[in-house]
Structure formats: structure tokens, C-alpha cells
Amino acid sequence: MEPQQDKQSPPLEDCLKLLKGERDEQRLAGLLLVTKFFKGDDLSSLQTIYNAVGVGFLDRLLRTGMGKGSISSSGSENRDAYLQLSVTVLAAFCHVLEIASSNDMVSKIPLVLEVLSTEPGSAVLEECYEFLYLVSTASEDGIMTFYTSGGMNMLASHMSIFPDGSHQMELSMKLVQLILNKLSLEIINQDYVPELSKIVAAITRQFAVLHNAVKFDALHLLSAILSSKYSAPLYDSLRVLPEKDLPNYMRDGIAAILQNRVAPTEKLQALILADSMMTIFGERWLIGHINLPGMKEPIPADRCLVLVLEQSRVEVAVLLNELAQLKDEASKRSSAPADTIVSKKRNVAIAFSLLEKIISLISNASENEGDIIDENTFMKVIKGLNETIGVVLEYLQDAKEHGQRKGDDLLASVRIIGSYLAETPVACKEKVRELLEYMLSIEGEDEPSPFYSICFLLPLLCQMTMEIEGCKALISCGGHISVVDCLVKLIGPHGYMVKDNGCIFLACDTILNLLLKKEQLRIPLDDSTLVNLLKALAYWTEGINDPSTIMMASSICALLFDFTSEKALLQHPNFDDSTLDSLSRLIARSLASWGQGMSDAAKSEMDLLEIVTQGYSQWVDRFPRVRETVER
């Protein structure tokens with residue numbers, strides 16, 4: 001905008017004459033004219049005026065306003081006026097990029113932060129923020145100086161009290177974005193976790209209550225912060241934040257995005273936030289009161305659940321279809337649009353994660369808290385999950401037909417199928433049996449051989465093998481060998497890292513289910529598989545006192561010994577005396593818990609103890625060293 005040119009406007013030359021005067025009073029008068037007649041987009045005039053007034057006087061004026069310096073004839077009663085004039089003209093000058101990026105302006109960032117910390121209710125609040133934003137935007141030195149001079153502390157203290165949708169709040173959010181652009185969240189989470197949690201809470205409120213472009217700015221900021229792999233400390237801080245409305249604000253904002261016509265990328269960002277919220281506060285976060293503008297009727301507490309489920313289902317259907325097409329095109333061209341495929345795999349993983357959490361919520365609700373979800377909603381969720389699992393199975397069918405067995409997207413598909421079928425094992429039964437061998441053979445990108453795919457399917461396999469039909473289905477595709485190999489990897493000397501023992505005991509239960517039905521089944525078990533499993537059981541239990549582990553391992557061992565003899569085992573090149581001794585001690589320890597004076601722990605494992613006792617009686621004559629150890 002050009003300087004105003006009506007009759008009352010002094011020409012630029014008169015303003016410059018005052019600014020170049022010898023006395024401070026003349027310069028002050030010139031600066032007052034600047035604030036009155038020249039706007040921030042008149043860059044040429046601002047540059048000329050800045051050159052005329054000089055850096056030294058601007059610095060003295062700011063320090064005088066802060067009580068740290070003196071202007072000729074200044075008095076303490078004029079200090080506030082000097083401060084306001086100083087910050088106002090500095091903010092105006094910084095609309096010129098060359099000025100804003102200069103060392104002179106960057107060096108004033110700590111002083112302006114000090115003004116904000118000592119006078120938080122100052123009349124120059126908005127001008128201070130404008131100055132900080134313009135200087136921080138103009139150069140890397142600017143934003144780094146803001147960060148290292150306590151900018152995060154200032155944002156954390158101010159953003160919680162700024163009016164919703166105010167210009168100061170918008171500038172604060174832009175400063176947060178600049179920091180994220182410049183610094184890794186790993187560094188920010190190391191330096192300012194409590195401050196960052198307060199900032200997240202303030203932005204979340206804007207995300208909930210505003211319904212303009214700033215709402216989407218808040219969405220993008222929150223998504224970037226909360227989806228970072230370095231956000232674990234922040235999650236912990238958010239859980240104990242005094243601001244208890246954050247989960248509700250986030251639910252309001254996400255629901256508003258998902259139920260309105262917005263770009264698919266914005267809805268995906270909302271799903272990312274929903275996934276983060278459930279990671280922080282648990283799956284129950286999906287159920288709760290929602291405030292949305294213009295809604296006359298009360299909104300059901302499970303509305304967010306329905307919205308997240310439906311959008312996740314849309315994402316899965318669209319992304320899996322696009323991934324299948326991209327892979328097909330890549331195979332024909334012998335090259336793949338790698339970035340596009342990676343991006344879509346990452347996005348489908350988010351949708352899968354949400355569906356897994358919804359499965360967990362539904363499972364817990366049906367067992368413990370059925371009243372938190374309306375019955376109609378419950379049935380709608382089940383129907384939707386059934387349909388989506390069918391889509392995922394079709395994706396795996398297509399991958400199988402194209403000879404694809406390796407990929408994190410395939411592994412994630414197996415995981416979601418395993419999670420759902422663990423709760424509803426009869427769902428998609430025929431299709432699952434048809435694809436079982438293929439699913440057990442799938443590897444992640446960094447896996448040398450299948451492991452996690454088997455772990456993900458163990459809950460299903462454990463339930464399947466409780467029935468003869470399920471055992472036959474598993475054996476017919478060689479799945480029993482896959483389960484044994486998985487258990488060996490879990491408990492053997494080169495054991496894989498898993499978060500808990502759940503996988504171990506599921507694998508053990510599956511193997512037990514098979515072995516206990518050996519009279520009705522023909523279980524092909526080669527010598528190497530048998531020996532590897534026995535060696536792993538010996539390694540797992542050596543030095544262990546946990547009764548559950550001892551009884552589980554000894555019951556499997558007792559059933560395996562019925563397939564062989566001590567002589568045959570010792571003739572195997574990979575089986576030695578040491579392993580036999582370990583297994584002998586294992587059987588002896590379990591049998592020693594039988595009889596009077598049994599501990600409560602032993603009583604709880606009575607069924608396993610009976611397996612060991614019965615097995616021992618059947619093969620003891622073929623294992624003289626085991627008998628010797630037991631009778632010793």
C-alpha cells in the first residue's frame with residue numbers, strides 16, 4: 001500500500017528530515033509519523049526510513065522502553081510510550097525481508113522475549129509477536145535464536161491464555177510450525193516436553209472451537225507433532241496434563257473433520273490424530289460426548305467410533321486397490337514409483353492400526369462394558385469390520401497370484417486379519433483356510449524368513465487347533481512346522497525380541513493342541529524339527545523357576561518323547577548329552593510337584609501335570625537316563 005497522500009499527510013521528505021535530526025526529540029517525532037502514515041506493505045518507503053533513522057537509535061529506544069537505557073529528556077513516565085513506539089516500528093520495518101534477516105534484528109529477539117516475559121499483558125503484545133514471527137521467518141538464524149532464547153517457554157505460557165482465533169494465537173501457531181520445520185521433534189522432545197504438551201493442549205482447543213482455515217492449520221500441526229516416532233515422552237506428559245479437556249477437544253475436532261466434506265488428505269490427518277489419541281488415552285477415547293456447531297439434536301457418544309471406523313474402511317479399500325495397481329504396473333515396467341508406494345503403505349498402516357484398536361474396543365465392550373456402545377452401533381461395527389477383512393483377504397489373494405510374499409503391507413494385512421479372527425474365528429472361514437499357507441509364508445521387508453506373520457496368526461491357530469478339523473487344516477498346509485519354527489525362534493538361544501510372553505504361550509498351546517490329538521491325526525514331524533524343538537525347550541527352562549513355564553515345557557517334551565527314544569535322539573548329530581540332561585531335569589522337576597503338599601501354582605497347572613505323568617508312564621522304558629534323574 002502506498003503512503004496516504006491526502007492533504008494532511010506529510011510527504012516522505014518531511015518525515016526523513018525529522019528522522020535525520022540531531023536531537024532525539026526530532027527522531028521520536030519522525031517515528032511517530034511513520035507509525036501513523038506508513039503501512040507494512042510500503043516496503044520501499046520502510047527501507048528508506050530504516051536507513052535514515054539508524055540501528056543505534058532504534059536499539060536505544062527499545063532499551064529505554066525496557067528501562068535499560070535513556071533517550072534525551074526521557075522520563076520514567078514515558079517508558080511505556082517508548083516501548084510501544086519501539087516495538088511498533090521494529091515490527092513495521094521487519095516486513096522488509098533484508099531488514100528482518102539482518103543480525104541487528106535477530107539480536108533483538110532475546111530483548112523482545114524479555115518484554116513479553118516481564119509485561120505479558122502489555123499493549124505491545126501483538127506487535128512483539130509480529131516482530132518475532134517476521135524475524136524468525138526471514139532467516140534460519142532467526143528461528144534458532146528464538147528457540148534457544150526461550151521461545152518455547154514463552155509460547156507455552158501465552159498460548160493457553162490467548163483468545164480463541166486471535167491474531168496472537170495465529171502467529172504463535174506459525175512460530176511453532178517454523179520450529180518444527182527447523183528442528184527435529186527428537187530434539188524438541190528432549191528439551192521442552194512439558195512446554196510442548198501445553199502448546200499441544202492450546203492448539204487442540206483451536207482445532208475444536210474454530211471453523212475456519214486456522215482449524216486446518218491446527219490439524220496439520222497436531223498431526224506432525226503427535227505422529228512423530230519421538231513422541232513417547234510427549235504422550236506421557238499429555239496423560240498427566242492438568243488440562244483435562246484435551247481428549248474432548250480432540251474428539252470434537254476430529255469428528256468435525258470426518259463428517260464434513262473436506263479433502264481426503266485432511267481426513268487422513270484426522271485419522272492420524274485419532275490413532276495417536278487412542279495410543280495415549282486408550283481405545284475408550286473413541287466413546288464420549290461431542291460438541292459440534294449447528295447440531296440441534298444431542299450427538300450419540302459413539303459417533304466418533306462410527307466416523308473413525310467408516311473413514312478407516314474407506315482408506316483401506318482405496319489404498320489397497322491403489323497399491324495392487326501400482327505393484328502390477330511396477331512389475332511390468334521393472335521399476336516402481338517407490339515414494340508413492342511407500343507413502344501409501346504408510347497410510348494403510350495407519351488405517352490398519354485404527355481398525356485394530358476398534359477391534360480391541362469392541363472385544364472389551366462385549367466382555368465387560370457392553371452398555372458403552374449402542375446395540376445397533378455394535379452390529380454396524382461388526383458388519384463393517386467383516387466387510388473390510390474381506391477386502392484385505394482379497395488383497396492378499398491378489399498378492400499371492402502375483403507371487404508376492406515379502407512386504408510390510410502384506411505383513412500388516414496378516415496382522416489385522418489375525419487381530420480380528422482372534423475375536424471372531426469363524427469369520428471368512430473358508431477364505432482364511434484357503435490363504436492360510438500363503439499367510440504363514442509372508443515376510444516383512446527386513447525379515448530373512450517368516451516370523452511375525454506366524455506370531456500375528458497364533459491366536460487364530462490356537463483356537464483352530466482346538467478342533468480336529470482345524471488341526472487337519474493346519475497340518476495339510478505344513479503350518480504345524482511354521483508354528484514349531486516360530487516357537488524355536490521365540491525361546492531358543494537366538495530368541496527374537498517380543499514385547500511379552502503371550503506369543504510364546506499361544507505357540508505352546510497350539511503345539512499342545514496338535515500333539516494331544518496325535519492318535520486321531522497323522523502329524524508329520526521330521527527328526528530335525530523334533531530335535532530343534534527339544535533343544536529350544538531345554539534352553540528356555542534352564543535356570544527358570546516359573547511354574548507355568550516349567551509345566552508347559554515339560555508337557556510338550558513329554559508328548560514329543562512319545563515320538564522317539566533316548567537312543568534315537570543321541571544318534572542325531574545335533575542332539576547331545578547336555579540337552580538330554582537338561583530335559584531329564586525338566587521332567588523330574590515337573591513330576592516332583594505331584595502329590596501331597598502341592599503348591600497352589602502346581603494345582604493351577606494340574607492338567608499339564610497329568611499330561612507329563614501319563615506321557616512318562618508310556619515312554620519311560622525308552623528313556624533310562626530320564627528315569628534315573630526322576631528316581632534320584
Side-chain angles (χ1 to χ4, degrees), residues 313 315-338 340-342 344-349 351-353 355-356 359 385-422 424-461 463-465 469-486 489 510 524:
R313 292 183 60 228
E315 294 292 337
V316 168
V318 171
L319 288 167
L320 290 185
N321 181 56
E322 291 175 348
L323 273 172
Q325 290 180 2
L326 284 169
K327 287 183 178 182
D328 187 47
E329 292 171 7
S331 65
K332 293 174 182 176
R333 295 197 309 263
S334 300
S335 63
T340 303
I341 290 180
V342 168
K344 292 190 183 298
K345 285 182 178 181
R346 183 171 58 245
N347 293 341
V348 82
F352 278 164
S353 175
L355 291 175
E356 279 193 66
I359 291 167
L385 288 171
N386 275 334
E387 291 175 357
T388 297
I389 293 301
V391 170
V392 178
L393 286 167
E394 288 299 326
Y395 179 69
L396 289 179
Q397 178 69 47
D398 183 73
K400 176 185 177 182
E401 291 171 359
H402 284 81
Q404 301 162 2
R405 294 182 183 273
K406 196 176 190 68
D408 289 342
D409 57 315
L410 302 178
L411 189 60
S413 298
V414 173
R415 174 170 172 156
I416 188 67
I417 289 169
S419 296
Y420 187 58
L421 296 182
T424 56
V426 297
C428 311
K429 183 176 178 180
E430 296 305 319
K431 192 65 178 177
V432 169
R433 297 280 172 90
E434 181 185 336
L435 286 172
L436 185 57
E437 180 180 5
Y438 170 69
M439 289 193 289
L440 290 170
S441 72
I442 286 174
E443 304 168 5
E445 297 286 359
D446 301 322
E447 284 189 287
S449 61
F451 172 70
Y452 286 107
S453 59
I454 304 165
C455 290
F456 296 152
L457 291 171
L458 282 174
L460 169 65
L461 300 180
Q463 293 193 52
M464 270 179 57
T465 51
E469 181 188 356
C471 291
K472 289 179 178 178
L474 184 63
I475 291 170
S476 67
C477 70
H480 64 300
I481 302 298
S482 298
V483 175
V484 170
D485 289 345
C486 178
K489 290 174 181 176
T510 303

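Only heavy atoms go into these numbers, but all of them, side chains included; no hydrogens, no water, no symmetry mates. Because the structure is a prediction, the values reported are computed rather than measured.
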For this session: Might you confirm whether atom CD of Glu401 has over 12 heavy atoms from other residues, nucleotides or ligands at distances under 6.0 Å?
Result: yes
Problem set entry | Within 6.0 Å of CZ in Arg415, more than 12 heavy atoms from elsewhere | no
Would you say the side-chain atoms of [X] pair up with the backbone N or O of [Y], donor to acceptor, closer than 3.5 Å?
X	Y	answer
Ser419	Glu356	no
His480	Pro524	yes
Ser476	Lys472	yes
Ser441	Tyr438	yes

Reported [atom1]-to-[atom2] distance for the pair [X] and [Y], which is rounded to 0.5 angstrom:
X	Y	atom1	atom2	answer
Glu322	Lys345	CD	NZ	14.5 Å
Ile416	Leu411	CD1	CG	12.5 Å
Cys471	Met464	SG	CE	8.0 Å
Lys400	Leu410	NZ	CG	13.5 Å

Distance-minimising heavy-atom pair for [X] and [Y]:
X	Y	answer
Leu393	Leu435	O-CD1, 3.5 Å
Ala317	Val391	CA-CG1, 4.2 Å
Arg433	Ala473	CD-CB, 3.7 Å
Arg313	Glu387	NH2-OE1, 2.5 Å
Gln463	Ala422	NE2-O, 2.6 Å

Heavy atoms, side chains only, cut-off 4.5 Å: are [X] and [Y] in contact?
X	Y	result
Leu436	Leu461	yes
Leu323	Tyr395	yes
Val432	Leu460	yes
His402	Lys327	no
Glu443	Phe451	no
Tyr452	Glu447	yes
Leu457	Thr510	no
Asp409	Leu319	no

Seminar exercise, completed: Test side chain to side chain contact (heavy atoms under 4.5 Å, CB included), reference Leu440, set Val414, Leu474, Val483, output is Leu474
Exercise. Can you check side-chain contact (heavy atoms from CB on, under 4.5 Å) on Ser413 and Phe352, steps first, answer last?
Worked result: CA-CA 8 Å; Ser413 298; Phe352 278 164; 3.7 Å; yes
For this session: Show your working on side-chain contact (heavy atoms from CB on, under 4.5 Å) between Ile442 and Leu396 and close with a plain yes or no.
Result: CA-CA 10 Å; Ile442 286 174; Leu396 289 179; 3.9 Å; yes
Exercise. Can we say Glu434 and Lys431 salt-bridge, meaning some charged N sits less than 4.0 Å from an Asp/Glu carboxylate O?
Worked result: yes
Exercise. Could you go step by step and tell me if Ile417 and Phe456 meet the side-chain contact (heavy atoms from CB on, under 4.5 Å) rule?
Worked result: CA-CA 8 Å; Ile417 289 169; Phe456 296 152; over 6 Å; no
